[in-house]
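Please read all numbers here as calculations on a predicted model, not as lab measurements.
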Amino acid sequence: RQSHDEPAELAALKLVLAQARGDASVIADAAERLSLIARNRARAEDTARALEAFEALVGLPLEPAERFEAWHGLAQVAQTAGNTRRAEEALLEASKQGPVPRRVEALLERAELQERRSAFEEAVASFTVVLGLAPRQAKATAGLIAALRRLGDWQGLAEVLSVEAAHLPRPQAIPLYVELASLH
């Protein structure tokens, strides 16, 4: 640490963690350093070491908000490294803990990655979970409608449009009712 050799410190921390399985204070100190190293390595565009640090960090027992940050950081670095699938997995894990607005953010990012690779069924599932956490979330509703259109799931689209139209003021609901009529 004193020599500012973060890759060597990362290797040392991993050895320490392998030996200190039940020592809460050692784990807490290591988690703090791993988090700092992961962020520093990500900023330095050392994606291999950043991924290594985030992977070690997510394996530790952390508080829900810290777990969210660790998984979200892992997702960002994995995406930078071109590993979209790992980024999606990490975003899913991030969405399972922490504050609801951040969980929603992670799921929306995941759905966007899924849409980029034309995995519209998976994107529909992500948008649906978002709407379960934050009903009437505008970006999720719009994304869900677009994904259902791309899939040709007219029954699912009709259900979403009818729910959305029922909650909108009349002038904004009219186009949705027109589309519903054309679907039926």
Side-chain angles (χ1 to χ4, degrees), residues 1-134 137 139-140 142-143 147:
R1 188 181 303 175
Q2 289 175 352
S3 67
H4 303 290
D5 185 354
E6 288 181 335
E9 184 180 359
L10 174 59
L13 283 170
K14 289 171 67 176
L15 289 173
V16 167
L17 286 170
Q19 299 301 315
R21 296 193 177 147
D23 191 337
S25 66
V26 170
I27 291 172
D29 290 342
E32 185 178 319
R33 288 301 301 165
L34 282 172
S35 179
L36 182 64
I37 290 169
R39 285 183 273 131
N40 287 344
R41 293 293 85 206
R43 277 194 293 275
E45 298 180 10
D46 181 1
T47 55
R49 294 279 178 358
L51 280 171
E52 185 180 351
F54 276 122
E55 292 285 359
L57 186 60
V58 299
L60 298 177
L62 304 170
E63 295 296 318
E66 293 170 335
R67 288 191 64 69
F68 173 88
E69 293 301 331
W71 281 108
H72 194 258
L74 175 60
Q76 290 174 328
V77 174
Q79 191 173 353
T80 300
N83 190 344
T84 303
R85 294 293 182 134
R86 184 62 179 135
E88 287 178 26
E89 292 168 5
L91 287 168
L92 178 61
E93 289 301 318
S95 74
K96 294 177 181 178
Q97 57 253 320
V100 171
R102 297 299 313 270
R103 293 169 63 192
V104 166
E105 173 189 330
L107 285 165
L108 289 173
E109 287 178 39
R110 183 171 190 255
E112 183 180 315
L113 292 176
Q114 292 164 331
E115 286 180 318
R116 281 190 207 155
R117 64 179 179 85
S118 299
F120 297 109
E121 289 180 9
E122 294 174 25
V124 165
S126 293
F127 287 129
T128 302
V129 175
V130 169
L131 292 171
L133 290 171
Q137 208 281 347
K139 197 171 183 181

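Side-chain contact between Leu108 and Glu105 is absent, with no heavy-atom pair separated by less than 4.5 Å. A 4.5 Å side-chain heavy-atom check between Phe127 and Gln114 finds every atom pair outside the cut-off. Contact check for Leu57 versus Leu74: no side-chain heavy atoms found under the 4.5 Å cut-off. For the pair Val100/Arg103, a side-chain contact is recorded, criterion being any heavy-atom separation below 4.5 Å from C-beta on. Side-chain atoms of Asp29 and Val16, non-hydrogen and from C-beta on, never get closer than 4.5 Å to each other. Looking at Leu51 and Asn83, their side chains never come closer than 4.5 Å, going by heavy atoms from C-beta outward.
Heavy-atom minimum distance, Ala78 versus Ala87: CB-N, 3.8 Å. Nearest approach of Glu115 to Gly143, heavy atoms of both residues: OE2-O, 3.9 Å.
Between atom OG of residue Ser35 and atom CG of residue Asn40 there is a gap of 9.5 Å, rounded to the nearest 0.5 Å. Distance check: Leu34 CG to Arg39 CZ gives 11.0 Å after rounding to the nearest 0.5 Å. Here the straight-line distance linking atom CG of Leu10 with atom CG of Leu36 works out to 11.5 Å at 0.5 Å rounding.
A donor-acceptor pair is defined here as one N or O able to donate and one able to accept, closer than 3.5 Å; such a pair exists between the side chain of Thr80 and the backbone of Gln76. Checking side-chain atoms of Arg67 against main-chain N and O of Leu60 turns up a donor-acceptor pair under 3.5 Å.
Identified under the ring pair (Phe, Tyr, Trp, His ring centres under 6.0 Å) test for residues 70-125, with sequence neighbours left out: Phe68-His72.
Take Arg117 and apply the side chain to side chain donor-acceptor pair (under 3.5 Å) test, not counting sequence neighbours, and it matches Glu88, Glu122.
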Check residues 89-97 and write down every donor-acceptor pair under 3.5 Å in which the side-chain atom is one partner and the other belongs to a residue at least two apart or another chain.
unit_1: Glu89; atom_1: OE1; unit_2: Arg86; atom_2: NH1; d: 3.2
unit_1: Glu93; atom_1: OE2; unit_2: Lys96; atom_2: NZ; d: 3.2
unit_1: Ser95; atom_1: OG; unit_2: Leu92; atom_2: O; d: 2.6
unit_1: Gln97; atom_1: NE2; unit_2: Glu93; atom_2: O; d: 2.3

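Residue Arg41 forms a salt bridge (charged side-chain N to carboxylate O under 4.0 Å, His left out) with just one option from Glu52, Glu55, Glu6, and that option is Glu6.
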